[in-house]
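Have a look at the structure below, then the notes.
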Amino acid sequence: MRVAMLTGGGDCPGLNAVMRAVTRKGERAYGDQMVGLRDGWRGAVEGDLVELSVQSFRGTLPRGGTILGSSRTNPYKVDGGADAVKRTLADHDIDALIAIGGEDTLGVAARLTADGVPVVGVPKTIDNDLGATELTFGFDTAVQICVDAIDRLHTTAESHDRVMVVEVMGRHAGHIATWSAIAGGATMVLVPERTFDIDEVCRTIQRRHEGGRYASIIVVAEGAQPASGTLAVASGEVDAFGHARLGGIGDQLARAIEDRTGYETRAIVLGHVQRGGTPTAFDRVLATRFGIDAIDAVHDGDFGTMVALRAGEIVRVPLADATAELKLIDPSIYEVAEVFFG
Ligand code: F6P
């Protein structure tokens with residue numbers, strides 16, 4: 001078969017590991033020819049592609065990012081975009097497509113499936129907010145990067161009696177924030193799932209300082225929202241999938257904490273550092289397992305499915321289910337973090 005792959009949306013450590021596994025098994029076990037569509041759906045719409053082989057992936061297992069490039073192009077927002085994707089596949093004799101992405105990329109894959117395109121999905125996002133899979137690769141790496149940063153911030157915060165606000169990614173869900181806060185020993189964590197009360201945040205910090213601890217680490221997810229009317233927050237520009245560009249809550253929060261408590265407060269935005277660099281061993285293994293099952297799904301003719309992790313096993317779920325609902329944090333994990341607030 002001729003099998004195309006693309007990586008869409010925000011990049012994520014482990015993308016190369018998925019494609020390396022797809023290519024290895026495709027080429028060696030099935031005799032496939034692999035093709036890469038450049039920059040996510042943009043390459044599919046514009047017919048921008050490259051022939052791939054096992055050789056193309058030499059040395060990429062530990063490498064972050066994606067050698068194919070990525071974009072947030074939405075074919076359904078481009079005039080004739082879906083037809084252009086079908087034309088690209090037909091013009092290049094492509095029998096199947098493996099789309100590696102998050103809710104947006106897989107949402108497009110689900111719509112194309114309904115339009116008769118043979119697609120298999122692979123879930124990807126450092127945010128870990130895809131409903132149908134217990135974990136996405138990239139999440140473990142992102143959490144480890146945040147925890148490394150928090151560990152370092154503790155010592156400088158203690159030396160200067162400062163409050164440090166650490167802004168981490170997490171547009172709709174606080175998985176990265178909550179795990180980082182628990183593993184990093186944070187004073188408090190603010191997540192998109194629960195609006196926060198700035199006065200309560202300040203009271204918690206004050207209680208802690210009155211108890212003799214003069215340094216605090218507050219972890220805030222970029223998508224965290226103050227309770228209505230309690231703190232003004234700016235909104236950013238919107239992409240082709242209608243998502244606002246986030247980032248900035250950390251600064252606003254730090255200013256509000258300093259104004260209200262008088263404690264010197266600094267904001268650290270970890271931003272894209274969380275998405276860059278080498279994947280952890282766990283993410284390399286998960287990405288590799290997803291890649292192997294994705295090419296198996298192609299040869300089983302299991303189109304319209306997404307590979308997923310459930311109870312430690314790789315399973316296949318309908319693509320439509322994969323994007324139906326976002327996975328928010330389990331209240332019980334937030335309650336674990338809460339035990340250590342203050
Ligand atoms: O979806 C993953 C993610 O890293 C979000 O946490 C974040 O809001 C977004 O991507 C940032 O995307 P971009 O790099 O396109 O600004």
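All ligand and atom numbering here is 1-based and tracks the order in the structure.
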Q.
Heavy atom to atom 4 (O) of ligand 1, shortest distance: which of His172, Arg275, His272 holds it?
A. Arg275

Q) Do Val165 and Phe341 belong together in a cluster built from hydrophobic side chains that touch within less than 4.5 Å? A) yes

Q | Min side-chain heavy-atom separation Glu134-Glu313 under 4.5 Å | A | no

Q: For residues Thr261 and Val163, determine if any side-chain heavy atom of one lies less than 4.5 Å from a side-chain heavy atom of the other.
A: no

Q: From atom 15 (O) of ligand 1, work out which of Arg72, Glu222, Lys124, Glu103 has a heavy atom at the shortest distance.
A: Arg72

Q: Return yes when Gly170 approaches ligand 1 closer than 4.0 angstrom through a heavy atom, no otherwise.
A: yes

Q. When you measure from atom 2 (C) of ligand 1 to every protein heavy atom, which one gives the shortest distance, and what is it?
A. Asp127 OD2, 3.6 Å

Q.
Ignoring hydrogens and geometry beyond distance, is a side-chain donor-acceptor pair present between Asp148 and Gln144 at under 3.5 Å?
A. yes

Q: Any atoms of ligand 1 less than 4.0 Å from a non-hydrogen atom of Met169? List them with their elements.
A: 4 (O), 6 (O)

Q) Should the pair His209 and Tyr263 be assigned to parallel (<30°), tilted (30 to 60°) or perpendicular (>60°) ring geometry? A) parallel

